[in-house]
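Contents: one structure, followed by commentary.
One-based numbering, in listed order, for ligands and for the atoms of each.
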Amino acid sequence: QPNEQTAFSTKNDMTPFCKIDKDEKLGPNCDASITAINNINRKIRSDLVGLVQTDFFKYFKFDPLKKCAIWENNDGLCFSRSCAIDVVEDWDSLPAYWQPEVLGGLSNDTNSDTESLGHDNDVSFLNQLCEKHEPLLPADFDEEDINYYDVTDFTSDTAVLVDLTANPERFTGYGGQQAGQIWQSIYAENCFPADDGQEQCLAKDGFYRMMSGLHASIGTHLSNDHLNTETGKWGPDLDLFMARVGNFPDRVSNIYFNYAVVAKALWKVKPYLKHLDFCTDYDNDVKSKILNIVSQLDSKIFDENLMFENQVDSVLKDEFRKRFKNVTRIMDCVHCDRCKMWGKVQTTGYATSLKILFELDESDELSMQRVVDKLTKFELIALINTFGRLSNSIEAINNFEKLYNKRMDNNSGVASFLQNNFFKLLSKATDSIRDKINGSINGSGTLGKKDEEKQKAPKQPASPKFVDLKMPQRKIEEKDKGTTGVSSNRWKRAWETEWHNYKEAVRFVWRSYVDLPRNLWNLILVNANRLWNSFIGVTGYLSEEEEDPSVYKLDFQ
Ligand SMILES: Cc1cc2nc3c(=O)[nH]c(=O)nc-3n(C[C@H](O)[C@H](O)[C@H](O)COP(=O)(O)OP(=O)(O)OC[C@H]3O[C@@H](n4cnc5c(N)ncnc54)[C@H](O)[C@@H]3O)c2cc1C
């Protein structure tokens, strides 16, 4: 994997966010900076949010039962409710173009006749989007496969229709070894044959950045919509975000890179989208939103031509396509249905972008027919939703940056030092003392109540989480918690400990004075006894301890 930090200047070491030069280009083939993309995102955000909530774009077809082609024995399940998806069951409430007979694949009607659609105008693919009784099956791929995803995803008998807005991408609790294995396999796809030039390098780097950007975008969403198990509320978790994404400038940058890739793909289909005809009640609304969005995009945002410059030698491009398709297949192995669904949406969205970027040559009519005319409804939905996800990530990153800076301001100076070091040391010391005490109690076979409870509780496996983390400073308990809640308990406990220590010390001094006459009397008696015994010639009468007054223990109790 490319060196994670090289692309970034370290303007200011104070915050990881500042380690990214926001005005620097995102890469050699990306003539856009973070600032520029933030500006674009601000302008298109409300239209994009509105668009992904329309009836046209909010439904997606997906097969949760598709077999994992990568591993045998991949029958794991995520039992958390958050991993589940709600599928569409009330078909009557859907618009006409979503009815089973129109969707074709859902009713297993696979006899497509894509030729019947005709290619007599530039936008024949749009007819597929909504027209009743027209086959809506994937592109005709029998001549040459130019797809970067597995087209059989949408033709399966077991595919279901899901409302993406009813199944938001957020924290599900899915993780551990299985999720780690999935990510590992995804990154392993980036092992192209030995490097042989700049072109290979850019392709490989681009592949890695797309995977890492996807990973970071998912990490941003799960941190932004995270369940606080103490309050039961969903909301942003800054610590988690910093741990997964914020502390790694390259990961943040890769999200922006992906934004540039998808934005360029949308820009490229702009001439065809102008003629959009959704033939439904939503037509004008959907159309104006899409047009507003694409009108804010610029061709310079990403230069796909630098990735595969030599069009004659398509070996590298084929390799890239094959590997990307494998990534979309790896999604079938994800155990959490909701994660799998959003993984499919996003990998299909990127795959669609790549097809538009690398297979569409605007000057070639044939390529236009092969790519644009054959785009399916699901590809377009995936493309727009993936762009929506990236837009969401960027908005979340900007919010997290504000939260982070606010915390840094609050945490400045001595207060921060004490908060982050002193209390940490104190709690470490307390923990080690408690462990020792527990250890000695356990050693004697007597368990305290808490230990018994611990023994009854199922053992949590040691979490591999956060091994590679540079954790930010710990949260200060908010001042406004006042005398209630966790912080007041902590003060109460500290006061009780101090008071106890003080009482013990006073007791010790007091007993020393009280016991002094008795101990002196004992000492005189013992020595007088010893002298008397030696005077009368009795030896060995006293114990060793008593014979040597220096080892005589004073009894203060
Ligand atoms: C396809 C898919 C979709 C998922 N969707 C969700 C979801 O919707 N909600 C949810 O709660 N969980 C989801 N997960 C799980 C989530 O991505 C994490 O795997 C999980 O939260 C455990 O995180 P972790 O900290 O153990 O490390 P992981 O995120 O599993 O990462 C493993 C290792 O990869 C490296 N790494 C991490 N991020 C990056 C990056 N951006 N670039 C390069 N390297 C990186 C690190 O070295 C890390 O230790 C999904 C997982 C997958 C595979």
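For K300 and D303, the salt-bridge test fails: no basic side-chain N is under 4.0 Å from an acidic carboxylate O. The pair D409-K406 fails the salt-bridge criterion, with no side-chain N (NZ, NE, NH1 or NH2) lying under 4.0 Å from an Asp/Glu carboxylate O. Remark: D86 engages R81 in a salt bridge, criterion side-chain N to carboxylate O under 4.0 Å. A salt bridge links R407 and D239; the closest N-O separation between the charged side-chain nitrogens and carboxylate oxygens is under 4.0 Å.
With Q181, R170, E169, R251 as candidates, the residue nearest to atom 36 (N) of ligand 1 on a non-hydrogen basis is R251. In the candidate list W342, F248, W183, W183 is nearest to atom 18 (C) of ligand 1, counting heavy atoms. Among Q178, R244, K344, R338, the residue whose heavy atom lies closest to atom 24 (P) of ligand 1 is R244. Nearest-heavy-atom check against atom 28 (P) of ligand 1 across H215, Q184, R209 picks out H215.
Each of the following atoms of ligand 1 lies closer than 4.0 Å to a heavy atom of M331: 1 (C). When each atom of ligand 1 is checked for a heavy atom of T172 under 4.0 Å away, the hits are 9 (N), 10 (C), 11 (O), 12 (N). Those atoms of ligand 1 with a heavy atom of Y187 less than 4.0 angstrom away are 39 (C), 40 (C), 42 (N), 43 (C), 44 (N), 45 (C). Counting the atoms of ligand 1 from 1 in the order shown, those under 4.0 Å from a heavy atom of A179 are 19 (O). Applying the 4.0 Å criterion to heavy atoms of G173 picks out, from ligand 1, the atoms 11 (O).
A distance below 2.5 Å between sulfur gamma atoms is met by C333 and C68.
Among all heavy-atom pairs drawn from M341 and L164, the shortest one is CE-CD2, 3.7 Å.
Not a single heavy atom of A243 sits less than 4.0 Å from an atom of ligand 1.
Annotation: Y208 places no N or O atom under 3.5 Å from an N or O atom of ligand 1; distance criterion only.
Legend: residues meeting side chain to side chain contact (heavy atoms under 4.5 Å, CB included) with D47, ordered by chain and number and at least two apart, are K289, N292, I293.
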